[in-house]
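Written out below as structure tokens is the structure these notes cover.
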Amino acid sequence: MLNNWKEYVQKFNQNDDEIIVQMISNSETQEWMSREVPCFECPDKTIEEIYYFRWWLFRKHIKQTEEGRIITEFLADVPWAGPYNSINCAGSHHLSEARWMKRDRELSKEYINFWFHGSGDEYSYSSWIIRTIYEQALLTDDKDIAIPYLDAFIRYYQRVESTNLTPYGLFWSDDDRDAMERSISGKGLRPTLNSYMYANAAAIAKISEWAGRPETAKSYREKAERLKQTMLSMLWDKNDRFFKVIPLDTKDSRLVSADFNDISEEHNVREAIGYIPWDMGIPDTSYDDAWQFLMDSRYFGTPFGPGTAEKTHPAYMKPTDHECLWNGPVWPFATTQILNSMIRVLQNGGSKNIGKHDFMALMKAYAASHYRIREDGKKVNWLDENLDPVTGEWLSRKILAEWNWPKDKGGCERGKDYNHSAFCDLVIRGICGVKITEEKKLSIHPLLPRGMWDYFMLEDLPYKNHKITIAFDKDGTRYQNGTGLWVTVDGVKQASAGSI
């Protein structure tokens with residue numbers, strides 16, 4: 001039984017200024033982590049540390065309300081939040097982390113109920129939550145997580161259709177409502193909401209099949225396919241080889257041209273959102289050229305992860321009157337989306353432009369960004385809103401401090417322990433390779449390059465009503481249980497899974 005997490009928890013607690021406490025205090029964290037967190041170890045101690053830091057941080061956001069427990073984004077109360085300081089923007093990231101808790105299956109259920117049968121405003125920001133709930137049902141082998149909400153899912157989809165669907169067959173969205181303020185592309189027909197609604201429609205179709213409603217399933221499969229084909233034909237810039245935004249002031253504005261050659265330079269740009277379609281399963285390998293720009297330091301590559309806009313655009317990192325900038329800074333929210341897309345690409349056919357080494361390079365950069373140098377010179381674990389791509393400084397934090405922490409912006413250190421992204425899920429599904437599938441079987445496809453690590457172990461992970469352990473031991477000396485990659489299910493070792 002791994003117990004490497006205990007020293008990390010002590011360190012995190014010692015370095016923390018625990019101003020806001022919700023359900024689980026720092027002093028209660030060790031007990032909670034022992035009960036709920038699948039243990040992980042690897043030779044890369046930064047990735048290992050941040051895996052536990054993110055679980056330590058995640059439990060801070062579990063909040064008891066009159067409607068059950070929810071998962072918050074900010075610890076500090078912010079004026080733009082809904083009931084109980086709730087914000088739906090990162091709800092799918094929240095569920096992606098919560099689904100791997102070892103025992104507490106009710107947290108996700110209460111959270112889903114809050115958004116679809118409670119007072120949560122699921123329409124506030126664009127969302128792919130229905131797709132995430134479908135995945136949750138697959139992972140837990142519990143279709144009742146999704147089926148009782150089917151009518152609510154349909155109402156959600158129909159309402160977004162009524163407010164955002166254009167005559168051009170694509171959804172219009174405001175970059176602010178995509179939670180991507182001050183982006184270069186701005187409002188329009190964006191890869192964000194269109195990708196999300198494709199995935200939501202495909203998930204509704206699957207859930208409808210489970211519920212014995214074939215006509216509904218057929219209708220939503222057709223919606224998904226129409227949206228997919230329209231995205232591929234309209235949002236793919238063949239010249240720049242990228243999914244981009246067609247600017248449009250409002251949903252009802254007339255689209256003069258859908259040719260990217262006619263779009264003004266002011267808004268014509270490659271942005272990180274162009275990688276979202278891959279996470280939702282939209283492009284095939286013929287669109288692989290887009291991945292050549294990700295690691296390239298002339299476009300998205302920075303020491304702290306992918307920037308949110310390409311460096312070649314004149315508006316890249318241009319200061320504005322807002323602290324939340326999506327014109328180049330590195331956002332953990334976007335980094336999570338890109339890494340999710342890489343997982344799908346690399347586990348399902350691969351790419352000629354990116355590989356496992358690129359995935360691990362971004363995971364290492366992402367992990368290494370979870371720090372801050374305090375005023376006393378001490379380096380401490382930290383997660384905030386966005387990072388300066390050159391210096392790695394937490395940018396929104398810097399701007400808000402220069403503005404003397406305005407109360408109408410959330411006050412002092414509003415972004416501390418910001419729960420707006422995922423990390424542990426990326427370790428589990430990406431590095432360790434656990435695939436969430438429809439089949440009642442375990443499929444493992446680690447994205448760890450051959451020869452990079454001599455060992456790793458992910459212990460006591462819940463999967464389809466079983467507990468699994470995945471380990472890699474190059475020469476068999478660390479775990480004394482065989483060489484190569486091996487798996488146990490409910491404590492029983494299966495046939496060796498092979499090598500890395």
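- Taking the six-membered ring for Trp and thresholds of 30 and 60 degrees, F300 and F242 have nearly parallel ring planes, at less than 30 degrees apart.
- In terms of the salt bridge (charged side-chain N to carboxylate O under 4.0 Å, His left out) criterion, residue partners of K440 (sequence neighbours excluded) are, by chain and number, D141.
- No side-chain heavy atom of N327 sits under 4.5 Å from any side-chain heavy atom of S183.
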Exercise. For F243 and Y275, run ring-ring contact (aromatic ring centres under 6.0 Å, His included): C-alpha distance rounded to whole Å, both residues' side-chain angles, the deciding distance at 0.1 Å, then the answer.
Key: CA-CA 7 Å; F243 287 103; Y275 291 113; 9.4 Å; no
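- Comment: D176 does not engage R182 in a salt bridge, judged by the lack of any side-chain N to carboxylate O separation of less than 4.0 angstrom.
- H370 places no side-chain N or O within donor-acceptor distance of the main-chain N or O of R54, the cut-off being under 3.5 Å.
- Inter-residue side-chain proximity for H322 and K409 is flagged as met; some heavy-atom pair is nearer than 4.5 Å.
- Contact of the S86 side chain with the T72 side chain is not registered, since no non-hydrogen atoms from C-beta on lie closer than 4.5 Å.
- A salt bridge is absent between R298 and E310: the closest approach of a Lys/Arg side-chain nitrogen to an acidic carboxylate oxygen does not fall below 4.0 angstrom.
- For residues 160-179, the set of pairs meeting the ring pair (Phe, Tyr, Trp, His ring centres under 6.0 Å) definition, not counting sequence neighbours, is empty.
- Put simply, the side chain of K143 never gets that close to the backbone of A211: no donor and acceptor are under 3.5 Å apart.
- Closest non-hydrogen pair, S185 versus E271, comes out as OG-OE1, 2.6 Å.
- Note that K223 lies in the cation-pi zone of Y220, set by a 6.0 Å cut-off to the ring centre and a 45° limit from the axis.
- A tilted orientation is assigned to the rings of F40 and Y51, their planes being inclined by 30° to 60°.
- Residues I184 and N268 are not in side-chain contact: their nearest non-hydrogen atoms beyond the backbone lie 4.5 Å or more apart.
- Using bins of under 30°, 30° to 60° and over 60° for the plane-to-plane angle, the ring pair W128/Y196 lands in the tilted bin.
- Scanning for side chain to side chain donor-acceptor pair (under 3.5 Å) contacts around E393 gives an empty result, with sequence neighbours left out.
- Relative ring orientation between W453 and F456 is described as perpendicular, the plane-to-plane angle rising above 60° on a 0-90° scale split at 30° and 60°.
- At least one donor-acceptor pair under 3.5 Å links the side chain of T336 to the backbone N or O of A422.
- Checking side-chain atoms of N419 against main-chain N and O of H94 turns up no donor-acceptor pair under 3.5 Å.
- Closest of all the heavy-atom pairs between F153 and I207 is CE1-CD1, 3.8 Å.
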Exercise. Check the pair Y52, W56 against ring-ring contact (aromatic ring centres under 6.0 Å, His included), reporting the backbone distance first and the verdict last.
Key: CA-CA 6 Å; Y52 288 117; W56 175 88; over 10 Å; no
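- V380 is not listed as a side-chain neighbour of Y371, based on a closest heavy-atom distance of 4.5 Å or more.
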